[in-house]
Amino acid sequence: MTFFCSRLAALNILSAALFLFRALPFLVLSSFISNASWAASCCGGGASSGVILPKFNQSMWDISLAHESDEGKWRENGTHQKTTNGSEFNQQRLNLNYAQRLSDNWQINYSLPLVNNLSQSSGKEHNNFGAGDLQISTWYEAFENVTCVYKITNLESLKPSIYFGANLTLPTGTSPYSDDANLHNVHGLGFYRLDASMIIEKTVYPLSLSYQASYGEHFERPISRQSGQAITPYDLKLGARSNQSLTLGYTIFLPTLSMLTFSGSVSEVKQSKSRADGVTDESTGFDKKSLGLSLGYLTPARDWTFKLNSSYAFGGNNTTKTYLTSLGVSRVY
Amino acid sequence: MFIKSLLINIVIVVMLTGCQEDLLPESESQESGPGQVNETVDDFSTQLNTGDGFVLNQRLSQADAVVFYFTMWCTACAGHTSIIKNDFETEYANVDFVLVDYVSSTTAYSRSQQQNEGFTSFDVIADTDNRLEDALSGTMGSIVVIDTNYKVLMNETFNNSAKLKAVLDQL
């Protein structure tokens, strides 16, 4: 335990000034993107990066490197405001994911981001690295057989893959409320959250359609420190979080029997207003809409998947506008 | 097989998550710095991001209280500042509302941040050496109210307009 504590502590590299709360929207988006990238890989691989085990596989790991850049922010009324000249904030994340089958219809997944904040202000560049919030998910597969088909021949061939999941976010990353938080080392949100999720996917080659949705509640917690400063304690409960995503994919079978999949998605994440000591904080709450494009390559044996993703936020309220690209690889067993 | 897998998974989770204090947050008030409620502060002088001086006793000679809001020019900060501007500035004309920029390293950068945010009607203290941050134990979103007796009437995170209103109504 001590070994792991010291190793995780060593990941935090203190540097000069960083705009602390500019990190928060990035962390929000990173959490959403990791959820939205669950293209159900019932057929092996799927349309984009995935931490959902394909049916009949026993385990899977997935690693992706993401870069997210600050494109300004949307005010509460939806108007866009550019970043101040000379100021820049970017975030890189190495997302580590592992999934393991527990039974024929149950699986458990882990996701841990390693976060690096990069910023520039007043002509100085800064970076700070640390572990983010751990997410643990369990999924129930409400189908017995692979539902990907090449041709619709009867009603049975229309049957989709349906997943029901529960996801717990643990506040393992340094948050603005951590004892040792400062302006530089925020990598987590600081709250437990429990999400209920659902994925419905249907593939009739070469097309696939996927709808994903989740709803989560943050656990209320006491706040006694902020940015390392002791403050008058109060209880804070972040607003409920909801995500929705619709993805359309097109698959090309290459002569080598490997697969190339192109997909486009539209997503929305919303969070309702926070409550402090039971009173609504009117300055909180946000929503963000994004468009995504993905390219995936699946080997003939369906065991390796290589993925390239991009996501562009095109509208929102009270949140940061971002542009995200990621490159990833996964392996199933 | 299922039990073994579950036990391995639990061990992995505990080892990965066992060392972060956010997992078990404390509710008790922790040792705090200067500028707490009911304490009195010394007179101080600092600078605005325009280069002009700011002297507390001069401000308190012209108002019933000075309200400091610590800003990082973040999205939430903009929301709070809008609330102060729209709900408090006009209604409490007897109170001086001042923003404290404790993150910008130069007055020029602080001014550009202010202009970019659009809150140009406010005076902004460029706390480039963090003296005010230290003197009032300020942090992001802190709102501090000091009356004409130099007594701190409020020092907490600004997430409840009703609390600030109750303090200002008693002036």
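FYI, side chains are in, hydrogens and waters are out, and symmetry mates aren't considered; it's all heavy atoms of this structure. Below, chains carry the letters A, B, ... as their sequence lines are ordered, and counting in each starts from 1.
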Side chain / backbone / both / neither for [X] at chain B, heavy atoms under 4.5 Å:
X: A:Arg275; answer: neither
X: A:Thr280; answer: backbone
X: A:Asp235; answer: neither
X: A:Phe191; answer: neither

For [X] and [Y], work out which heavy atoms get closest and say how close.
X: A:Tyr192; Y: B:Leu23; result: OH-O, 2.7 Å
X: A:Ser175; Y: B:Asp22; result: OG-OD2, 2.8 Å
X: A:Glu76; Y: B:Gly79; result: OE1-CA, 4.1 Å
X: A:Lys73; Y: B:Trp73; result: NZ-O, 3.0 Å

**Prompt:** Are A:Gln229 and B:Glu133 close enough that a side-chain donor and a side-chain acceptor fall under 3.5 Å?
**Reply:** no
**Asked** Will you find, in the side chains of B:Thr75 and A:Asn318, an N or O donor that is under 3.5 Å from an N or O acceptor?
**Response** no
Side-chain donor-acceptor contacts of residues 136-144 of chain B below 3.5 Å, not counting sequence neighbours, with atom names and distances?
{"from": "B:Ser137", "atom 1": "OG", "to": "B:Pro34", "atom 2": "O", "distance (Å)": "2.6"}
{"from": "B:Thr139", "atom 1": "OG1", "to": "A:Gln226", "atom 2": "O", "distance (Å)": "3.2"}
{"from": "B:Thr139", "atom 1": "OG1", "to": "A:Ser227", "atom 2": "OG", "distance (Å)": "3.3"}
{"from": "B:Ser142", "atom 1": "OG", "to": "B:Thr139", "atom 2": "N", "distance (Å)": "2.9"}
{"from": "B:Ser142", "atom 1": "OG", "to": "B:Thr139", "atom 2": "O", "distance (Å)": "3.0"}

**Prompt:** When you look at B:Asn159 and A:Ser274, which way does the side chain to side chain contact (heavy atoms under 4.5 Å, CB included) test go after all the steps?
**Reply:** CA-CA 9 Å; B:Asn159 49 36; A:Ser274 305; over 6 Å; no
Using 0.5 Å steps for rounding, measure from the [atom1] atom of [X] to the [atom2] atom of [Y].
X: A:Ile231; Y: B:Asn155; atom1: CD1; atom2: CG; result: 9.5 Å
X: A:Asp277; Y: B:Asn160; atom1: CG; atom2: CG; result: 8.0 Å
X: B:Asn116; Y: A:Gln81; atom1: CG; atom2: CD; result: 5.0 Å

**Request:** Determine, stepwise, if the pair B:His80 / A:Asp281 fulfils side chain to side chain contact (heavy atoms under 4.5 Å, CB included).
**Result:** CA-CA 9 Å; B:His80 290 158; A:Asp281 185 345; 3.6 Å; yes
